[in-house]
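Small disclaimer: the values here were computed from a predicted structure and weren't measured.
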Amino acid sequence: KDIVDLYLADSTPEEKAVFDEAESEAKLTRKWILDIMDQSELLPKSAFLKKSLNSSELFLLHLIQSHYLRIYPKIKKSGTPQEIERIETYIQMTILAISEGLGFGG
């Protein structure tokens, strides 16, 4: 939840409402998956993934990503095309790094 709070720190009420709706849908999806699979908890595909989700390296990447996502709207509104391109590249790099860290890259 701490990472989510960082993402939402400077959000507008509309952005928070979108997040709340997405969070509700995610909870409902989780409930249905557990019901359909007759499980009490969601299980990762591998032990490595379960361990990786709690790694300090991924937490650091999420912090970096939340920083760039937080400043992106300001830069998009008043930054130069080069600044906008740079911040978008940084965000893409964090997405790829997190994906790679979870074993989905390549």
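Partners of Arg86 by side-chain contact (heavy atoms from CB on, under 4.5 Å), not counting sequence neighbours, listed by chain and number: Glu83, Tyr90. Applying the salt bridge (Lys or Arg N to Asp or Glu O under 4.0 Å) criterion to Arg30, with sequence neighbours excluded, gives no partner residue. With sequence neighbours excluded, no residue satisfies side-chain contact (heavy atoms from CB on, under 4.5 Å) with Gln92. Asp35 is linked by a salt bridge (Lys or Arg N to Asp or Glu O under 4.0 Å) to Lys31, counting only residues two or more places apart in sequence or in another chain. Under the rule for a side-chain contact (heavy atoms from CB on, under 4.5 Å), the partners of Asp20 that lie at least two apart in sequence or sit in another chain are Glu23. For Glu85, there are no side-chain hydrogen bond (donor to acceptor under 3.5 Å, both in side chains) partners at least two apart in sequence or on another chain. For Glu14, the side-chain hydrogen bond (donor to acceptor under 3.5 Å, both in side chains) partners at least two apart in sequence or on another chain are Thr12. In this structure, the side-chain hydrogen bond (donor to acceptor under 3.5 Å, both in side chains) partners of Thr94, at least two apart in sequence or on a different chain, are Gln65.
No more than 12 heavy atoms of other residues, nucleotides or ligands lie within 6.0 Å of NZ in Lys76, so this atom counts as exposed by the packing criterion.
The CD1 atom of Ile64 sits 12.5 Å away from the CD1 atom of Ile91 when rounded to the nearest 0.5 Å.
Counting only heavy atoms from C-beta outward, the side chains of Met93 and Tyr68 never approach each other to under 4.5 Å.
Clustering ILVMFWY residues whenever any of their side-chain heavy atoms sit less than 4.5 angstrom apart, transitively, puts Leu69 in a cluster other than the one holding Val18.
Between the side chain of Ser78 and the backbone N or O of Ile75 there is no donor-acceptor pair closer than 3.5 Å.
Residue pairs that meet the salt bridge (charged side-chain N to carboxylate O under 4.0 Å, His left out) test with at least one member in residues 63-73, sequence neighbours left out, are Asp10-Arg70.
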